[in-house]
Amino acid sequence: MSSNSMASFSSFSSPLEHDNERPDMESIRVLVVSINQYIHEFIANVQSWHALKLKCNSRLVIQKQEFFEFSEQSVLSNLYWGIVNIEAAIQAKCPEEKTTKLKNSERMLQVPALLDELEVTAGVPNRFLVCCSYFYLAVVRNLQRDELQVALHFLQAILVFPRLMATEFAPEVCENLFPGCTVPKLQEMGMRRRRRSLDSFRGFDSGEESVSDSMRQLAKRYKHWLMYYQVLQHQEIPQRRISTPDVEAQCFMHEVSSGTESSSSKSFEHGNSSRTHCNKVIQYAKVHPFESAKGCEEAPEAEDYRKALISSHRVPRLQLHTAVLRSNSSIKCIQDMLEETQSDNSSPVDSCSIDFDDQESDFVDNMEVTESLIRKESISEYNPQLEMFDQKLRARCSSSGSDCNTITLLQPPQDSMYRESNEVNITNDFSKILFSSISDLDLSILELRDERHTASSKKNFNDDCCLHWGKDSKAELLKTVEKAISRLCFSEGLMKCDKDYAVEVTTIYKMLNGKAGVKYSMLKDVILEQLVTAISTSKEDTVIRVSVSILTTIISSNKSVLEDVKKKGLRLNELARALNRNVQEAAILIYLINPSPIEMKTLELLPTLVEVVCNSKIYKGKPESFQLTPPAASLMIIEVLVTAFDYATNNTHLAAINSPNVLCGLLDAARNENMEELISLATILVKCMQFDGQCRKKLSEFAPVAPLICLLQSNEKRAMITALEFFHEILRMPRSSAIGLLQQIRKEGGIDVLHTLMHSLQELDPDYQLLAANLLLQLDTLENLAGSKSVFREKPMQVLLKSVASEENSSLQLLSSFILANIGGTFSLTGEPYTVAWLVKKAGLISLCHQNLIKDFDWLDQSLQDAGIDSWCSSIAKSIIAIGKPVFQALRKGLKSKIKRVSQDCLTIVAWLGIEIAKSSNRLKHSASEILLDGVEQFLHPGVELEERLLACLCIYNYASGKGMQKVIHFSEGVRESLRRFSNVTWMAEELHRVADYYLPNKSRISCVHTQILEASHKYSGAVTALIYYKGLLYSGYSDGSIKVWDIKRQLAILVWDIKEHRKAVTCFSLFEPGESLLSGSADKTIRVWQMVHKKLELIEVIATKEPVRKLDTCGQMIFVITQGHRLKVFDSSRTAKDIYKNKNVKCMSVVQGRIYIGCTDSSIQELSIANNHEQEIKARTKTWRMQLKTKSINSIVVYKDCIYSASSLVEGSNIKEWRRQCEPQMSIVPEKGTNVLAMAVVEDFIYLTCSNSSSSSLQIWLRNTQHKVGRISSAGSKITSLLTANDIVLCGTETGLIKGWIPL
C-alpha cells in the first residue's frame, strides 16, 4: 500500500466504545472513504493482487477424500472464476464488456457467499470461502462506483472471518479500525500459521477467540450504523438500480439454483449475517445517491491496472496518489453531502415537503433536495462540549488533497447528556428524515384515526394517543407512526415493546399499503427488511416472537406481501430455528410461505409441529379470529408431510403422530368454522386410520361428527371428497360400533345428508360416487331395518352393481366389490374386513388346525361375537334382494372376473345374501341358484384356498334348499368328488354329498394322480425337520435351529421371515389354543411359545425341559411332551411338569377331542381321558417285543374322523370303538418287507407313508378304504424328513432343505 494510505490508517480510531454510541455522518464518511481507498490501492498494486489471488487459489484445491459432491466443486469454481472475471473486467477496453464482466463476477461470487459459515465444502472451511467472496464483492462494487456497498461487503468479510482479514487480506485497515483489539497480535499468530494446512483456520485458542469476538462486535456496529445512514439517505432520494430488471431476475434465479445445487454444503442454511446482506445485494441493490450519474464508467484505477498487467514485468509496482480518489466524482459527492450534514443551520420542517411521485425530476434537483434533508440532522439540545467536538471533527475534514488522508475518527466526549440524548435522537433523526412534514406522507388523518380506533377497540393499545384526538391529533398520530417504525430498526426497541405493538405496526403497514408512491413503497420496504433481519439475526426469543407475529399478521391480511418477504431473504431454516425455540407463530409463516414438501422434510419440523399441536388447547379460550393459529398451521403442514411422499416416508411420519395425545391435539387444532383446517384434519385422520387401525376406536369416541358433516354438505368438491374418505375409513369397525356412528351421523345431519349423498352420485367422480353410495345405503338401511321400499336405495345400488359388472375399470371394480362384500358383514377392531371370518364360522369351521390354514384372521377377535351382525345382514340383504335379478346378474359377472380379488369378494356377497335367500320363497331361491351356482362351483375344487371352498359350500347349502335341491342332484362328478373330499372339514359338505348321493347314487372314481404344485428351497439350514400351518402361513423347522415362514400363493412360496432362536434342531411344532399361539420344540431342551402380534411373529415365552424334545401336542392349557428318552410329560398352565405313563416308553401321540392316544415302543396303544385321567389300552403290547423292538415300535399314530391308524413295520387301522371292543384292527397294510414306517399322514382317500431303507426318499400312496398301493411320489433322491397334509395338499420336507407339495386331481 502507499504511504498516504498508511498514514491515513495509522490515525484511524474506532468511534464506537459503547453499545448506544452513535457515530456522526463525518465519521461514517471517513470509514467509507478509508475502506474504498484501501480497495482502490489494492486494485492498483499488481503484486499485492497476484499474491492474494495465489493464496486464495492455493486453498481452493479439493482436499483428498473418498467422496465429494459435484455441487461442492461448483462452489469452488464460482469463487475462482469470480476472481478471474474481475481481472477480465479491469482489462476490458469496452465499457459494455466491463459492465458484463463485473455482473458475471458478482453473480459467481454470490454462490460461495451464501454458504453456511459453520460447515465445510470439499474440505475447505466455508467461512474462508465466504470471507473471500465478500472481499472480492467489495472489489466489484468499488469498480462499479458503489462506495457504501464496498464498505458493507468489507465489514461483512470481517464479521465472517476476522483473523483472516486481519492477517491476510487487509491488516492495515483492520489495525486502524480496531485499535483496541490487538490486531498485531493476530498478525503475529497468522505469520506463524502461514505454513500450516487449511485446517488451521478451524480452531482458535482462547486469546484469538477473544480478539476475534471484539473485532466482530465493532464491525457489526460499524455495519449497523452504516446501513442505518444508508436507509436514511435512500428514503428521500429517487432510487436507481444497478442493473436492468432482466439482469436482476437472472441474479435472483441464479441464487435459487445455486442454493439448491450446493445442498450438500448446506447452502440452504447459510449464516444469518451473510444472508441478510447478500439478499439485499442480489435483489435490492440500489445506486446510492452519492453515486455518479454516469453509471458504471471505466475507473481511472482500472485503466492503470490494465496497463500494469500488460507491463508488469517492467513496472513492479504502480504508485497511485490519493488525489485519484478525490477525483472520483461519486466520492466527492459523498464528501460534500456528508459535510453538509454537520452544518449547524437547521431548516424548518415544512420547508422540505417534496413530491416524490414526480418521476420526471432531474437528478441534480434531487441532489439539492438531499442536501436540504441532510442538513436537518442535528442534536436537539445544546452542549458546549459536544459543539467543540464537532468543530474539531470538521476542522480535521476541511483539508483537501492528500491532507484528507490524515482524517481521524475522533472519540466524542463521554458526557452523560450526550449518551442519553443519543438514544432519543436516533428516533428523532429517523423521524425527521422519513417524515420531514405531515404532507410528505399525504395520509388521510381520518383514515389513520379509523385504523387506530379499530385496532384500539380490539387490542386496547395506544390509549395515550386516543386521548389527544383533538386539535393535535395529526401530530400525535404521526408521532406514533414514526415511533413505531423507528423501533423496528433496533432490537432493543423490539425487546421493550408490548403485546399491542404488533397490531400497531400491522395497522401502519396496512395503511401504507393502500398508498401509491415511491416514499410509501420504501417505508414498507424498511418495515419488512427490519422484520426479516430481526428474525434472521436476533438471539432474543422476544425479538423473534414479536417480529414473527408482526410479519405473520401483515402477510395474513395481504398475501401479496409474501413475495416481497421472500425477496428479502427470509429463510425456512431460520423460521424452523425460531419454531424450535418455541416461537410457535413461526409455523404460520412457514405455512404461508408454502415451501415444497422436500423442503419441509429437510427442515425436520415434525416433532416440533407435533408439540405445537399437542398444546392447541391454550388457543381455545382466545377470541375467535379469521387468522391462522399456530396449531392450525402446524396441522396443515403435517398434512403435507403425511401425504406428499412415498409409502415408506409417509408411514414414517405417520408413526410420529400416531398416539392418543397427538390425535386429541389434532382434533383440538382445527376450528369448526375453517374449511381448510377441517379438510387437513380429515385427511390426516384418514391416513392415521389406514396406517394403524387401532386409532379408529378412539376417533369414533372423540372425533366430532358435525364438522365433518358440514364438509360433506359444503359446495366445495375437495371438502366433500375428504369427508367421504373419512366416513369410509371410520365405518370400518365392528358392526355394532358402526351402527352407533351411523345413528350419530343421521341425528346430526338429518334428511339433508341423504339428499347430499344422492346429489353426490351425479356430481362426483366415479370412485367417490362409490363411497357416497356406500354411506347412503348404510344410512338408508338404518332408517328401514325392515327392508321396506326407499327412494334412497335404487340409485346407489345401480352405481355399485354397474362397477362390479364392468371390466373396463379394474380400480372401480375392486372398490365396488369390496364395499358390497363387507356392507352386510363386519370389520375387526383394526379395520380389517372380517365378513369372511364370520361366514366361515357359520359354515362350520371350528377346528383350530383348519382355522390356521386361513390368513389374516384373529379368531378370538370380539367382532366375531358381535350379536348385531345377523340382524344388520338380514336387513340390508332384504333391501338388496328386493331389487331382483339385476343383482344376481351383476354378481355372476363379478364371479367370472379375471381379477381374483373381485371374484373372491363377489363370492362373499353371494354367501351373505344366501343367508337371507335361504329364508325367502322357493321362486327366489330357484332364480338365484340358476344364475349364481354355476359360478360358485369353481371355488369348491381342491387347490383353491380353504376359505373360498368353505364359502362355496355355504352358498350351495343355502341356495340349494327347497327347489334349489334339483341343482345339487345334477351336480357334475367333479363337484360331488370335491364335496366328498371336503367332508372332513365341514358338516355342510358331508350333508350335501349325502343328499346328492341319495337322489342320484354314483360310485366315486378316485383319481390317484398327484401333481406337484409347490417347491420351496433353502439349502443352507440343513434338513427340514418339522412342518405346520399357522395363521395361514407355512412354518418349517430346520436342523440348524432356524424357523422359516413361507407365504404360499398358488404355486409360489415366498419367504416372509427367517428366525433363529433355537440353538439346536427344531424337532416339532404344535398349535396352542390359549392366545392362538404356536409351540416349537427343539433338541436344545426348550419349548418356545410364539404369537402373531400386529402381523409380526413374536416370541413370548420359553419353557425349559430337562431333555431334548421330540414331539409336542396340546389340549387346552396343557402341553404334552415326548422327550428324547421316550418319557411323556405334561406341562400345566403354571408350566409345572408331570410325568405320565411312567412305565411306558412313549414314541408318538395324538390328542383329539380331550383324549390322548399314545403309541409305545412295545407296540401297544394307550388311551387317556384328559378330563378324568381315565386310562385304557386299545392295543396290547406284542409278547415278543424285546426281540422285535425296532420293528414293532409304533412310530406314528393318526386319528382321522372316527378311526385310529398306527404305523410301525406295518400300518393298522380301525374304528376306535371297534378296536377297543375287539382288540383287533379292521385293516392292515404291509409296505415292504424289512422296512419300518417312519411317518404317516391320512386324508379322505389316501394314506401317505414314509419308510426306512431304500424307500426313504419317496412317499408311498395307499388307498384308505381298499388298502391298495396306488403309487409313489419321489423327492428327487433326497430323504424325506417331515410330512404334513393340509387342504388336500401333501407337503414333504427333505434332508437337503427342500419343501415340495402335491395335490391329487
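Only heavy atoms go into these numbers, but all of them, side chains included; no hydrogens, no water, no symmetry mates.
- No donor-acceptor pair closer than 3.5 Å links the side chain of Asn558 to the backbone N or O of Ile554.
- Using a distance-only test at 3.5 Å, with no hydrogens or angles considered, no donor-acceptor pair links the side chain of Ser874 to the main chain of Asp870.
- With no hydrogens or angles considered, no side-chain donor-acceptor pair links Glu748 and Gln744 at under 3.5 Å.
- At a cut-off of 3.5 Å, with distance as the only test, a side-chain donor of Ser736 or Asp866 sits close to an acceptor on the other residue.
- Looking only at distances, no side-chain donor or acceptor of Trp859 sits under 3.5 Å from a matching main-chain atom of Lys841.
- One N or O on the side chain of Trp912 and one on the backbone of Ala821 form a donor-acceptor pair closer than 3.5 Å.
- A donor-acceptor contact shorter than 3.5 Å is absent between the side chain of Ser737 and the backbone of Met733.
- There is no side-chain donor-acceptor pair under 3.5 Å between Ser828 and Asp861.
- Of the possible donor and acceptor atoms, one in the side chain of Gln769 sits under 3.5 Å from a partner among the backbone N and O of Leu764.
- Each of Gln713, Lys747, Arg746 was scored for a side chain to side chain contact (heavy atoms under 4.5 Å, CB included) with Val753, with one residue passing: Gln713.
- Side chain to side chain, Asn774 and Gln778 meet the donor-acceptor criterion of an N or O pair below 3.5 Å.
- Residues Ser659 and Asn661 have side chains that never bring a donor and an acceptor to within less than 3.5 angstrom of each other.
- Of the inter-residue distances, the one linking Leu757 atom CG with Leu777 atom CG reads 10.0 Å to the nearest 0.5 angstrom.
- Within the structure, the salt bridge (charged side-chain N to carboxylate O under 4.0 Å, His left out) test picks out the following pairs touching residues 685-698 (sequence neighbours left out): Arg696-Glu729.
- Nearest heavy atoms, Ile555 versus Leu592: CG2-CD1, 3.6 Å.
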Taking it one step at a time, do Leu635 and Leu681 satisfy side-chain contact (heavy atoms from CB on, under 4.5 Å)? CA-CA 7 Å; Leu635 182 77; Leu681 172 64; 4.0 Å; yes
